[in-house]
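Have a look at the structure below, then the notes.
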Amino acid sequence: MFPQMKLRRFRYGNVVNDIPLNYKFFLIYLVGVLLPIMVTNLVFLDRITDLIKSREQQNLEISLERARKDLHDYIEGGVAVSYTLSTDKNLYEMLDRTYTDSIDFYSTFNEQLRDRMNSYMPVNNQIERITVFTSNHSIDSGGNYQVIDPAVRRSGWYKRAKASTIPVNVLAYRTTDSNNSSASIPALSIIQPMHYYESYDHYEKLLRIDLDLSEIYDVIIREKDYLSLYLVNGQDQIVMSADSGYQRVTEEPYPQFKALENPGPDVHIVPLGSAVYLKGWRIIGITQNERISQAVLEIQMYAGLLAAIVTLLTSVFIYVMLRSYNYRVKRLARHMQKVTNEKFELIRMDEGRDEIGGLIRNFNIMTGRMHSLINDVYKLEIQSKNLEMERVRAELNFLQSQMNPHFLFNTLNAILVVCTKNNYSDVTDIIKSLSKLLRRLLSWKEDMVSLAEEMQFIDMYLKIEKFRFRDKFDYRFDIEEGALGYKIPKLSMQPLVENSCKHGLQRIEGLGIIEVKAAVADQRLQITVSDNGKGMDPEQLKALLASIHDEVSSGQNIGIRNVFRRLELNYADQVRFDVASAPNQGTVVTFGIPLRLLERIPEFGKETGE
């Protein structure tokens, strides 16, 4: 079994080693850069598309419910007025009285009836007219009081009201236009017989409250950006819609809403109300698919543009980095091939200071010495040097096969050895911190880390900054031991410290101090990063806070904005984030996270102490 496994590994190694260098770089770019960008972009686009559709669906439901509630309130307001008037005993008495002549009627009208209906109009602006119809022929028809004559009895609304078995009716009908007897106009009325008091039942009395259709149309047209709304009665007739309006002057009857026979997913039906007089009345909304399609198209274009920009930037970066590596290795390989043909040419180029540059320098030294020895020693010595060259070539091939993306750490270790030998203690410490910092960045796989790990990372970062600023910069930590075990999003403090170094301390005179505090108070983990730098005036601070809370990034204050967005993403509105600053007095950034939202490493204090 083991020999078979070794054979497979050997074959796999041969396959990888046989791939030309250009193809290897192309595969690294394709698999390591381009493919993750495309996959991430597709997943992001799919998720955003679902969110857009969900948001639009919620907007549709809100729009439909808002329209239903407004129309329901309009009708309910008219019904409330109808109930009030139908129980007005004084009105019954005036309408049931037999008047001797017109003077007798108008005397009573002026005293009791003139403003009785109009008093309800200002409060209920959806009511267009209130009319009482009565069979009392001693009343002069006019205004709000009309005699039931043959024309009224022949009207459709009167017949439907008389045929109804419920006390209150909401009817949509057409009536003759007063300005054009050959045409009809739509009407929506609340009709109720007035027979509440049996003692005043000598004459037939009927109350009709006409609703203002323009108010209802305003509700229908208001939601046209989200839905095409239709007000449909119990006979499936379209009383009003955003497309046809309310058919102001026409001889055509109300059209039927045919989509009710087989409603699709884009048709949303909501009952107008649960009262008996609203039975069968519905608000029907048809989705505006163009709006959703436009929103999805915009996010697709944005995601495509973002992917193209990221791909271009990464491609340029990878090309610049790998071109240097590829060019020098191929140049070295060509000169080594020339050496096999006894052409000892030096590689004349700026070889650089990395590992490949070291190989080129060593190759030049080796080639120069070999060329000198060939001219001075016997054939045997030449053969010996050829063997030595073969050994060096083998070592070079070995080094070439061992090179990997971690060559930066090898460089740092080489520099560290040189500094240690020369007793450059400051440089040695800073290189150790830089190496640890880079290794930590590559090895940090978890999104959440303990406060202790975050502070170790910040300490290494500040040591590097301390090396830069020397005596102009110092820092202090004030960390409660009980806070060290709580887990927070990684790199949620370092950008704040970096901002203090970059923007707060570089332009001040005197000693710059950065202070990092962490404590548990008021059931929260309180984190504070402060400096004594140049600070900000109120306008700058206001602009900074606006940039942090803005949904769209302006390209400024990226570090502190990313910290706020990540905290908001993890803890929503539970996190408290604040920035305080004054000119020449420094800046203080504070955020607090509820302890109940944080994970704590058990026995952290004990483990740390051990």
Side-chain angles (χ1 to χ4, degrees), residues 64-92 94-95 109-134 141-146 152 155 157-158 160-161 164 166-175 178 185-197 205-223 229 231-234 239-242 245-248 270-283:
L64 193 61
E65 176 59 23
R66 181 169 57 218
R68 186 208 67 80
K69 184 178 183 302
D70 289 346
L71 295 180
H72 179 268
D73 291 345
Y74 284 171
I75 295 176
E76 286 296 322
V79 171
V81 173
S82 174
Y83 277 128
T84 302
L85 291 173
S86 66
T87 57
D88 188 341
K89 187 174 183 179
N90 191 26
L91 179 61
Y92 274 77
M94 296 300 103
L95 295 176
F109 176 80
N110 290 330
E111 293 178 1
Q112 301 289 337
L113 299 177
R114 178 182 295 275
D115 297 323
R116 186 176 296 273
M117 303 301 175
N118 294 333
S119 62
Y120 295 97
M121 305 294 284
V123 179
N124 299 275
N125 56 4
Q126 80 274 20
I127 297 177
E128 184 176 19
R129 184 184 300 105
I130 301 176
T131 308
V132 176
F133 294 86
T134 178
S141 291
N144 302 111
Y145 305 94
Q146 300 287 331
V152 173
S155 64
W157 67 266
Y158 180 83
R160 291 169 62 187
S164 176
I166 59 177
V168 179
N169 293 275
V170 178
L171 300 179
Y173 58 95
R174 306 197 73 83
T175 184
S178 59
I185 59 175
L188 181 62
S189 302
I190 300 167
I191 303 173
Q192 180 176 4
M194 298 178 64
H195 45 64
Y196 186 78
Y197 298 100
K205 293 178 282 296
L206 199 64
L207 175 64
R208 191 182 81 183
I209 299 178
D210 299 331
L211 299 180
D212 187 355
L213 292 180
S214 64
E215 293 285 339
I216 297 176
Y217 182 69
D218 288 342
V219 174
I220 297 293
I221 203 68
R222 181 186 64 194
E223 310 295 342
L229 289 181
L231 178 60
V232 179
N233 62 13
V239 177
M240 187 176 297
S241 69
Y246 45 92
Q247 300 177 341
R248 189 62 191 165
V270 177
L272 189 58
S274 59
V276 176
Y277 46 82
L278 290 176
K279 183 178 180 181
W281 284 79
R282 288 148 292 173
I283 289 289

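No experiment lies behind these values; they were computed from the predicted model shown.
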- Task: For Tyr197, enumerate each residue passing the ring-ring contact (aromatic ring centres under 6.0 Å, His included) test, keeping only those at least two apart in sequence or located in another chain.
- Result: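 Expected list: Tyr92.
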Closest heavy-atom pair and its distance - [X], [Y]:
{"X": "Ala172", "Y": "Asn233", "value": "CB-ND2, 4.4 Å"}
{"X": "His72", "Y": "Leu278", "value": "CD2-CD1, 3.8 Å"}
{"X": "Val270", "Y": "Arg68", "value": "CG1-CD, 3.3 Å"}
{"X": "Val168", "Y": "Ile166", "value": "O-CD1, 3.1 Å"}
{"X": "Thr131", "Y": "Phe133", "value": "CG2-CE1, 3.5 Å"}
{"X": "Val132", "Y": "Met194", "value": "CG1-SD, 4.0 Å"}

Test your reading of the model: is there a side-chain donor-acceptor pair from [X] to the backbone of [Y], 3.5 Å cut-off?
{"X": "Asn144", "Y": "Ile130", "result": "yes"}
{"X": "Arg129", "Y": "Ile127", "result": "no"}
{"X": "Ser164", "Y": "Arg160", "result": "no"}
{"X": "Asn124", "Y": "Gln126", "result": "no"}

Residue of the set Leu213, Val232, Ile220, Leu231 for which side-chain contact (heavy atoms from CB on, under 4.5 Å) holds with Val239: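 The passing option is Leu231.
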Next item on the list: Just say parallel, tilted or perpendicular for the rings of Phe109 and Tyr145, cut-offs at 30° and 60°.
Entry: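 Perpendicular: the ring planes of Phe109 and Tyr145 meet at over 60°.
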Distance, nearest 0.5 Å, that separates [atom1] of [X] from [atom2] of [Y]:
{"X": "Arg222", "Y": "Asp70", "atom1": "CZ", "atom2": "CG", "result": "4.5 Å"}
{"X": "Tyr83", "Y": "Leu85", "atom1": "OH", "atom2": "CG", "result": "13.0 Å"}
{"X": "Leu188", "Y": "Glu128", "atom1": "CG", "atom2": "CD", "result": "10.5 Å"}
{"X": "Ile209", "Y": "Gln192", "atom1": "CD1", "atom2": "CD", "result": "8.0 Å"}
{"X": "Tyr74", "Y": "Leu211", "atom1": "OH", "atom2": "CG", "result": "10.5 Å"}
{"X": "Glu215", "Y": "Leu71", "atom1": "CD", "atom2": "CG", "result": "11.0 Å"}

- Message: What verdict does the side chain to side chain contact (heavy atoms under 4.5 Å, CB included) test give for Tyr277 and Asn169, after you've listed the backbone C-alpha separation in whole Å, the side-chain angles of each residue and the deciding distance to 0.1 Å?
- Response: CA-CA 5 Å; Tyr277 46 82; Asn169 293 275; 5.8 Å; no
Side chains of Val152 and Gln146: closer than 4.5 Å at any heavy-atom pair?
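No, their side chains stay 4.5 Å or more apart.
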Under a 4.5 Å cut-off applied to non-hydrogen side-chain atoms, are Leu229 and Leu64 in contact?
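With C-beta onward as the side chain, the pair touches.
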Margin query: Would Ser189 and Asp210 count as a side chain to side chain contact (heavy atoms under 4.5 Å, CB included) here? Give the steps.
Written below: CA-CA 4 Å; Ser189 302; Asp210 299 331; 2.5 Å; yes
Practice item. Show the numbers, then the answer: is there a side chain to side chain contact (heavy atoms under 4.5 Å, CB included) between Thr84 and Tyr120? Key: CA-CA 10 Å; Thr84 302; Tyr120 295 97; 3.3 Å; yes
request  = Taking salt bridge (Lys or Arg N to Asp or Glu O under 4.0 Å) as the test, write out the residues that go with Lys69, two or more places apart.
outcome  =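 Applying salt bridge (Lys or Arg N to Asp or Glu O under 4.0 Å) to Lys69 gives Asp73.
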Step through the shown structure and confirm whether more than 12 heavy atoms of other residues, nucleotides or ligands are within 6.0 Å of OH on Tyr196.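 Check fails, neighbour count at 12 or below.
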(Q) I'd like to know whether Tyr158 forms a side chain to side chain contact (heavy atoms under 4.5 Å, CB included) with Leu206, so could you lay out the CA-CA distance, the side-chain angles of the two residues, the decisive distance to 0.1 Å, and finally the verdict. (A) CA-CA 9 Å; Tyr158 180 83; Leu206 199 64; 3.8 Å; yes
